[in-house]
Protein chains: 2
Amino acid sequence: MRGKQVELESLWEEVREVSLGNSVDRLHSSPTPLQFLRDFVSQNKPCLISNAISHWPALSLWPTPSYLSTSLSSSLVSLHLTPNGQADALAPHPLHPSLCFVSAHVQPTAFPRALDLIRQPPNHLVAYLQQQNDCFRTEYGELESDCDDHIPWASEALGCLPEAVNLWIGNHLSETSFHKDHYENLYAVVSGEKHFLLLPPTDVHRMYIWDYPAARYSYSEESGEFLLELEEPERRVPWCSVDPYPATGSAEQERSKFPLYFNGPKPFEVTVKAGEILYLPSMWFHHVRQSPGDGGCTIAVNYWYDMQFDIKYAYFNFLQSLPYQSTDDQTIPESECEDLGYHPCHNHLSRNLRYLKDQ
Amino acid sequence: MRGKQVELESLWEEVREVSLGNSVDRLHSSPTPLQFLRDFVSQNKPCLISNAISHWPALSLWPTPSYLSTSLSSSLVSLHLTPNGQADALAPHPLHPSLCFVSAHVQPTAFPRALDLIRQPPNHLVAYLQQQNDCFRTEYGELESDCDDHIPWASEALGCLPEAVNLWIGNHLSETSFHKDHYENLYAVVSGEKHFLLLPPTDVHRMYIWDYPAARYSYSEESGEFLLELEEPERRVPWCSVDPYPATGSAEQERSKFPLYFNGPKPFEVTVKAGEILYLPSMWFHHVRQSPGDGGCTIAVNYWYDMQFDIKYAYFNFLQSLPYQSTDDQTIPESECEDLGYHPCHNHLSRNLRYLKDQ
């Protein structure tokens with residue numbers, strides 16, 4: 001066991017030593033397609049690019065809320081509602097002993113009303129426009145001419161057009177928990193800032209990916225309350241267990257539960273400002289928080305391009321298939337977790353089940 | 001142990017299923033730099049390219065031995081001599097219980113004489129022009145204008161010029177044992193054919209890479225005999241133990257010694273004909289045999305480009321670091337091999353030590 005630990009730790013270190021360095025590379029203008037492919041995509045290595053979207057009308061138009069509300073005055077959009085800004089994240093459930101993988105309540109909402117809820121959040125209700133189904137080209141078609149429908153140098157490098165283009169409008173309360181996507185991701189921030197934590201796919205064991213039962217918030221506008229409902233029939237979702245920013249009271253406990261994350265190499269920290277693009281390589285784990293811009297919200301557009309399922313993907317699957325537990329890892333094994341529930345806050349579950357509406 | 005075997009076998013299969021397929025891709029003309037980088041280099045995937053060097057004068061000039069001998073009439077070249085065509089290969093040694101890693105005797109020779117020895121091989125003396133030190137641009141400078149000094153689409157894709165360009169002139173007796181190089185390799189055949197066996201880096205455990213003591217042939221022109229001398233001080237070289245074409249008498253034994261190779265997925269077989277280029281990706285294991293062309297020898301030029309030491313390299317090193325032995329693997333562990341010698345032919349060693357000159 002100790003042998004494999006040493007080998008894994010060497011892998012985490014070596015990928016940083018030979019390729020990634022200590023921080024994400026920064027480019028001050030758009031790369032050529034060849035440069036992008038050779039220096040970043042082929043190497044599965046992120047980069048932050050300035051001055052690549054300076055020509056987008058969105059950069060000057062979207063920070064003005066009235067512009068958006070006027071353009072989308074008659075649009076019904078998919079608004080994601082949670083009591084705490086944590087959707088597609090782990091949360092406790094009173095009827096289940098372990099944590100659940102929780103999805104937001106999705107409410108079709110008139111865009112101007114949705115934007116108001118994001119910009120002036122009521123208590124106990126966090127709204128996030130973040131439908132990841134190519135929504136920019138469907139729900140937000142009216143904004144199409146405000147930015148490019150693809151990133152030209154990326155499309156040429158990758159040899160295809162984006163599979164999906166998504167719009168994200170949120171506030172500082174919304175947070176995206178650690179996960180990975182099977183896409184090459186070009187993430188452009190238009191207003192405000194996005195704060196990413198990034199870990200390469202080599203670090204998969206540091207994420208403690210376990211299966212959790214899927215649950216979904218159900219929000220009643222009448223009562224202003226959220227119910228958390230387990231999906232039926234039961235569906236289990238593999239998800240990263242690590243919260244990189246645990247609440248002060250539980251920090252010590254979280255650190256001892258997930259030592260490979262907290263004691264290993266620091267994640268790459270990148271803040272993407274308005275006007276910048278992050279290249280987030282396929283299979284990289286990422287956690288995202290955000291700060292609002294002048295208009296009171298954070299706005300971003302991301303382009304998902306199909307990834308190549310090549311030797312890197314095969315290596316990743318092999319690595320992930322290796323069972324591993326640190327010798328100083330005090331975590332209860334996954335199988336036991338499922339039966340017993342490892343979350344220490346059972347006494348808080350009922351308190352968390354229903355969240356009161358802002359009064 | 002059985003668990004890890006299953007995982008490794010899944011890796012060998014998956015890289016073929018998702019990326020490599022059952023045979024090496026063939027292109028009927030030069031790829032664009034982007035296509036080459038995206039579809040092959042980035043994916044660490046070989047391809048065979050036709051019609052990429054049709055404009056080389058070498059294709060029509062070099063198959064005529066008198067052209068080469070005239071052009072290089074005053075050149076002294078590094079001729080590699082062995083008794084059996086096996087240099088940089090494993091061979092038994094009488095004073096050492098295990099096999100050794102054997103290098104050729106390198107004899108500075110007038111080119112016309114060297115070419116004669118290759119085209120009309122005497123008994124028990126195999127000559128091969130194959131100095132891998134950028135020899136094409138040094139020892140063979142007179143031939144420079146007969147082919148390109150780099151492969152334009154590869155140089156543009158990889159963002160650099162070749163680190164080394166090597167010329168290879170040999171006959172059907174010379175064979176290159178399984179090994180890998182830390183370079184991207186563009187291998188152009190000018191006359192005759194090269195027969196490659198290829199295995200991806202994922203298959204490293206199937207190569208049984210063990211340490212062998214280094215030895216070198218010393219050839220006496222006077223006596224016509226080879227001596228095999230261990231290097232002093234001792235130097236140990238990690239080398240692939242598998243001979244994919246064992247002699248008829250030892251085939252069964254070799255198959256049972258190296259089951260992961262012989263019972264696993266077949267290596268990719270590629271014959272590169274005159275006028276074709278093989279892209280041999282960095283870190284791929286390759287074994288090479290050759291058939292002569294009209295002029296009585298096989299001639300090739302290869303371009304070594306620096307590889308990227310990226311996440312693929314880190315994954316490979318991790319994979320290689322995992323100790324592994326098949327449950328049905330009857331091989332004596334390496335440590336014991338070194339002490340005891342596993343080669344079954346000890347009684348033949350003295351017979352093999354000295355090779356008689358052609359008489």
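Values below: all heavy atoms of this structure, side chains included; hydrogens, waters and symmetry mates excluded. By convention in this document, chain letters (A, B, ...) are assigned in the order of the sequence lines, proteins followed by strands, and residues within each chain are numbered from 1.
From A/Ile311, atom CD1 reaches atom CD1 of B/Ile311 across 12.0 Å, with rounding to the nearest 0.5 Å. Distance CD/A/Gln308 to NZ/B/Lys45: 8.0 Å, rounded to 0.5 Å. With rounding to the nearest 0.5 Å, the separation of CZ in B/Arg38 from CG in A/Asp310 is 13.0 Å. Distance check, rounded to the nearest 0.5 Å: NZ of A/Lys312 to OG of B/Ser42 gives 3.5 Å. Atoms CG and CD, on A/Leu37 and B/Gln35 in that order, are 11.5 Å from each other to the nearest 0.5 Å.
At least one side-chain heavy atom of B/Leu8 sits under 4.5 Å from a side-chain heavy atom of A/Phe318. Considering only heavy atoms from C-beta on, A/Tyr315 comes within 4.5 Å of B/Phe316 through its side chain. Looking at heavy atoms from C-beta onward, A/Glu14 lies in side-chain contact with B/Tyr313 at the 4.5 angstrom threshold. Proximity of B/Glu7 to A/Leu322: side-chain heavy atoms (C-beta onward) are separated by under 4.5 Å at one or more points.
Contacts of A/Leu20 with chain B are absent, with no heavy-atom separation under 4.5 Å from either backbone or side chain. Contacts of B/Glu156 with chain A are made by both backbone and side-chain atoms, with heavy-atom separations under 4.5 Å. Residue A/Ser10 does not touch chain B at all, counting heavy-atom pairs closer than 4.5 Å. Looking at A/Glu17, there are no atoms closer than 4.5 Å to chain B (heavy atoms on both sides), in backbone or side chain.
Contact count against chain B (heavy-atom pairs under 4.5 Å) is highest for A/Leu158 among A/Leu158, A/Leu319, A/Asp39, A/Asn44. Note: B/Leu11 leads B/Leu11, B/Val41, B/Thr202 in heavy-atom pairs under 4.5 Å with chain A.
Atom CD of B/Gln132 is surrounded by more than 12 heavy atoms from other residues, nucleotides or ligands within 6.0 Å.
Taking the ring-ring contact (aromatic ring centres under 6.0 Å, His included) definition, one finds that A/Trp153 meets it with A/Phe36, sequence neighbours left out.
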